[in-house]
Amino acid sequence: MSNNERPFDLLNKAVGQKVLVRLKSNMNIRGRMASFDAHMNIVLEEAEELDGGDTKAKLGTILLRGGNIIFISPA
Amino acid sequence: MSNNERPFDLLNKAVGQKVLVRLKSNMNIRGRMASFDAHMNIVLEEAEELDGGDTKAKLGTILLRGGNIIFISPA
Amino acid sequence: MSNNERPFDLLNKAVGQKVLVRLKSNMNIRGRMASFDAHMNIVLEEAEELDGGDTKAKLGTILLRGGNIIFISPA
Amino acid sequence: MSNNERPFDLLNKAVGQKVLVRLKSNMNIRGRMASFDAHMNIVLEEAEELDGGDTKAKLGTILLRGGNIIFISPA
Amino acid sequence: MSNNERPFDLLNKAVGQKVLVRLKSNMNIRGRMASFDAHMNIVLEEAEELDGGDTKAKLGTILLRGGNIIFISPA
Amino acid sequence: MSNNERPFDLLNKAVGQKVLVRLKSNMNIRGRMASFDAHMNIVLEEAEELDGGDTKAKLGTILLRGGNIIFISPA
Amino acid sequence: MSNNERPFDLLNKAVGQKVLVRLKSNMNIRGRMASFDAHMNIVLEEAEELDGGDTKAKLGTILLRGGNIIFISPA
């Protein structure tokens, strides 16, 4: 692979930042990423479940299993 | 990865504490986390299945397979 | 991980005891756990499929594949 | 793990015997187990697909992939 | 494991023979098995998709991924 | 395994040829196979999504993940 | 395998280019591929969720898990 950037570099830069996470179950969760590992398990702080652009539920700090994730985006 | 925190640190701190677990089957379970392993299998004591904020069923002590988990949150 | 208890300790203590098993297919099975392995495959004796609290079908001795399990609880 | 019995011992004893297999697709198959391997792949002889207690279809000898199995029971 | 027969022996004997394959998607395919590998990937020649006992579609030679298979039966 | 042919030999012979691919999502895709790997990931050129025998959409060159494939057939 | 091209060569050539990604959840996403890894995890910049040929939602930069992908196509 000829480029030096790797997908997980995006996660590294996002630590401490707000991210939006789309899950397979069609949930959207927004929160500040505190940490991640090689399985894409992530800890989000001040996490909120979203309904469109609005907050549907406050989840606090959560450990999200990587296997449920479709994509992660810096919010 | 540049930060020293890892997602499983959250589980380590939560041992002996109440946690809320969201499952793929859309179940919500609350209980006191007694132990966990690298597959995110966890033992919950005084576990309850929730329906909204209410107790739907008392489950006692359960061993929950990690593969069913969407997220775990200190309750 | 700072605690010495591990989730599979619960299975070890449950050998010879009645357990309740919730499956992904939404089945509930109760039986006496005769053995288990690292994949959470378990053998249940005098196993019964439950419908609410009642016996729906007597299954006898069964080998249950771990991958189907949501949780196991000492009954 | 403190007991000496292992779940696959049940399969070992069932070779040459009639077993009932419940599949994830909700099929029930009965047949005489000729062999098995570590993935729980099994060969059944004189296999029948069941509908309740009745024979729905005669399948002859089949190689069943372990990943489809919920449980196996000596019939 | 005390018996000398193994499930894949059935595949070995079936090379060059007609087999019936039931897939998770509920398709039934019949064809002459030309080869297989350890993942249960198989090549079928003169393969036909069946609808009940009738030919629904002629598929020619196909490479079928093992992960889709429920069972394989000498036809 | 007693025969010398292996399922992936079919892919090797199909490089540069038209193939038909049936996906788990029930899509049928036809295209010229440019390359493949051990996970059955394949590159198809001039790929078309089919609806019955007709072209439903032109997809151009695509990299198809092997895990989605039910079968591949030389077209 | 007799050809020298490999499926991931397509990804290598697509770095910095627009790609279209079809997901298992039936989403279509278009964006400029910034990086990828061996699991087919990819980073897309200026990513858009498509509805037919139109933009349904602007997603910005996203890290997409490879396991959700059906195919990737240079757009």
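Below, all heavy atoms of this structure are taken into account, side chains as well, without hydrogens, waters or symmetry copies. If you're wondering where the values come from, they're calculated on a predicted model, not measured in any experiment.
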> Is chain A contacted by the side chain of B:Leu20, its backbone, both, or neither, given a heavy-atom distance below 4.5 Å?
Replying inline: neither

>> Is the shortest side-chain heavy-atom distance between B:Leu10 and B:Pro74 below 4.5 Å?
In response: yes

> Mind checking whether A:Leu59 and B:Phe71 have side chains closer than 4.5 Å, heavy atoms only?
Replying inline: yes

> Hey, which of B:Leu44, B:Ile42, B:Val19 is the one that makes side-chain contact (heavy atoms from CB on, under 4.5 Å) with B:Ile29?
Replying inline: B:Leu44

> Regarding A:Asn41 and A:Arg65, is there a side-chain donor-to-acceptor distance under 3.5 Å anywhere?
Replying inline: no

> With a 4.5 angstrom heavy-atom cut-off, which part of A:Thr61 approaches chain B: side chain, backbone, both or neither?
Replying inline: both

> For B:Ile70, is it the side chain, the backbone, both, or neither that has a heavy atom closer than 4.5 Å to a heavy atom of chain A?
Replying inline: both

> At a heavy-atom separation under 4.5 Å, does A:Leu23 approach chain B through its side chain, its backbone, both, or neither?
Replying inline: side chain

